[in-house]
Trainee: 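Just passing along the structure, written as structure tokens.
Side-chain atoms are counted along with the backbone in the values below, which use heavy atoms only and exclude waters and symmetry mates.
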There are 2 protein chains.
Amino acid sequence: MQEHEFSRIERAPAYRLVYDAIEREILSGRLRVGDPLPAELQLAEQFGVNRSTVREGIRLLEQSGLVERDGGKRPRISLPHYLDLASSASRALILHSVTFRELWEASMVLEPAIAESAARNVDDAGLAELHANIDAMDANVKAFEGSAEADTDAFVKLDRGFHEILAKVGGNRVLALAHEPVTSLFIPTGQIILQRLKTYRRVLDAHRHIYNCLKDKDAAKARTWMHRHMDDFRRAYELTELAWDAPLDAVSLGITQATTYR
Amino acid sequence: MQEHEFSRIERAPAYRLVYDAIEREILSGRLRVGDPLPAELQLAEQFGVNRSTVREGIRLLEQSGLVERDGGKRPRISLPHYLDLASSASRALILHSVTFRELWEASMVLEPAIAESAARNVDDAGLAELHANIDAMDANVKAFEGSAEADTDAFVKLDRGFHEILAKVGGNRVLALAHEPVTSLFIPTGQIILQRLKTYRRVLDAHRHIYNCLKDKDAAKARTWMHRHMDDFRRAYELTELAWDAPLDAVSLGITQATTYR
DNA sequence: AACAGTCCGTTTGTCGGACAATTTCAATTA
DNA sequence: TAATTGAAATTGTCCGACAAACGGACTGTT
């Protein structure tokens, strides 16, 4: 006898339905971004469920970035900024034991492309921002060469900042989104390398070269310099004798710490 | 009288602290993946808060992918699969009115790189999977050319599947993650183009060429063919006279529909 | 031994009500 | 007009309760 295949019966809990309903209202524009969310009691009445159920639904919205709470004020409708997703992406990649090789190969694809499009799209404001970053890094490097005590932390932040400004200037949000987890995952490795090999000046010089290419709107040269810059990173990585295919360490990345919320 | 400036007091709500605490336990490995979450009452006792508060915290975990519910069973600890993030990424990009130009430029960067690394890393299983995909598409195309009624939907799914298999075969999860939102956002555009220009066979042929490059482990050629394939897509897009810089339409992407959960 | 049926403790989903703390907003006062 | 105040609205949290579903243990049938 032929057995009939039944499709699984799904019973979504009410709080999920609340989530879906409100999400739909937001995405369709009937609830506008920036507006405060209707009061919980009001929602409970409209949906015909208890306030607790509504609250659970709102928690889902909150975590998905569609609702933002500022202190004890009324929660507001908001659009999740695409870069906010990057931290989740980083976490997921870490938890799946992504290797440095994967990270570096991806950045060899992304960074030159970003540099290229940055050179094509950069404007005065972008150049100024990059210049400020380079100045700050310059001061930082000079401080290093003077004293023994080095603020590696600040340097790495500036380094990351430079690449992020480039991604922003490039104007391609898809690439910027793809790029963001990479830069954030590079941070701990960058710190190790800097401390061991003292490559501060070399990094700064590379950034200067890239900046100049942008000023000249020379996309091809910007790509080349970025390529060289990233390859430098690889060479430094090899010199420190870190393993290519070992998964990035969760602990050194500080993801075991509580996440900070703005 | 000089008024002292107090820094803002931040009081995270208790449900957020619950979320943080449990997240920490998971990320540190003290709660292992696959294990059921402790009972709500138990958690409430341990944290010294009410069960409702615990439940709200669990909703946050749920949405962040760290806890998975299967029917009415005990929720389990789980790791968010990195590709699961892609749908949130797609949504965020849509909501920020990303343009087709950005999407296409990003894919011109990602797809050839993926094809290249796929050619380097492909194994027999991967080749078989790609072959199956191509066979299915072949059948689909033949059906088109026989009857007037075309199953564009199935074709586009297969098309997307081919590119996703490539990304998987390439073995770089960072690139795969970056790539995923792009393919999913291309779907509606792909459907429009196919219906208007009937480019089925041309797509299939391109996939065949790429497949052959992979079989020969010719990375450079795989890159070239993919590049050509994507450029074809651009040309088709231009022929349909769709706007380059218009934001992708949220409605046609179906993101106003309730999300499906597995 | 394999299987269906039954019972029961546990756990989740949902409800109703309650109250303190904080925000909102309009009326009041300086 | 601008600052203040006070009441109403709203959120965060707690408590207690109950139905429904699940997980096992136990039992009886074939």
Trainee: Assess whether a salt bridge exists between B:E62 and A:R16, defined as any Lys/Arg side-chain N lying under 4.0 Å from an Asp/Glu carboxylate O.
Mentor: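 Here B:E62 pairs with A:R16 in a salt bridge, since their nearest N and O are under 4.0 Å apart.
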Trainee: I need the CD1-P distance between A:I58 and D:dT10, as an integer number of Å.
Mentor: 12 Å
Trainee: What pairs with A:E105 under salt bridge (Lys or Arg N to Asp or Glu O under 4.0 Å), at least two apart in sequence or on another chain?
Mentor: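 Testing A:E105 for salt bridge (Lys or Arg N to Asp or Glu O under 4.0 Å), a comparison that skips the adjacent residues, returns none.
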Trainee: With sequence neighbours excluded, tell me which residues meet side-chain contact (heavy atoms from CB on, under 4.5 Å) with B:A39.
Mentor: B:Q42
Trainee: Verify the distance criterion only: is there a donor paired with an acceptor across the side chains of A:E56 and A:Y19 at less than 3.5 Å?
Mentor: no
Trainee: Give a yes or no on whether a salt bridge exists between B:R76 and B:E68, defined as a side-chain N under 4.0 angstrom from a carboxylate O.
Mentor: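 No.
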Trainee: Just the rounded figure in Å: distance from C1' of C:dT24 to CZ of A:R76.
Mentor: 12 Å
Trainee: State whether a side-chain donor-acceptor pair under 3.5 Å links A:S90 with A:S184.
Mentor: yes
Trainee: Between A:K73 (NZ) and C:dC25 (P), how many Å, whole number?
Mentor: 12 Å
Trainee: Find every protein N or O atom lying less than 3.5 Å from an N or O atom of nucleotides 14-16 of chain D, and list the pairs.
Mentor:
from, atom 1, to, atom 2, distance (Å)
D:dC14, OP2, B:N50, N, 2.8
D:dC14, OP2, B:T53, OG1, 2.7

Trainee: Kindly write out the residues that satisfy side-chain contact (heavy atoms from CB on, under 4.5 Å) with A:H131, not counting sequence neighbours, or none if the list is empty.
Mentor: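 Checked A:H131 against side-chain contact (heavy atoms from CB on, under 4.5 Å); matches are A:D135, A:Y211.
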Trainee: Let me know, please, whether B:R55 or A:R74 comes out on the 5' side of the other along DNA chain C by nearest nucleotide.
Mentor: B:R55
Trainee: So, using side-chain contact (heavy atoms from CB on, under 4.5 Å) as the criterion, who are the partners of B:N121 when residues are at least two apart?
Mentor: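 Once residues adjacent in sequence are excluded, B:N121 has no partner under the side-chain contact (heavy atoms from CB on, under 4.5 Å) criterion.
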Trainee: Heavy-atom contacts under 4.0 Å between residues 31-47 of chain A and DNA chain C, which residues?
Mentor: none
Trainee: Could you check how far CD of B:E62 sits from P of C:dT12, rounded to whole Å?
Mentor: 12 Å
Trainee: State which of C:dT14, D:dT11, C:dT23 makes the closest approach to the side chain of A:P75.
Mentor: D:dT11
Trainee: Whole Å only: how far is the CG atom of A:D70 from the C1' atom of C:dT23?
Mentor: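 Those two atoms, CG and C1', are 12 Å apart.
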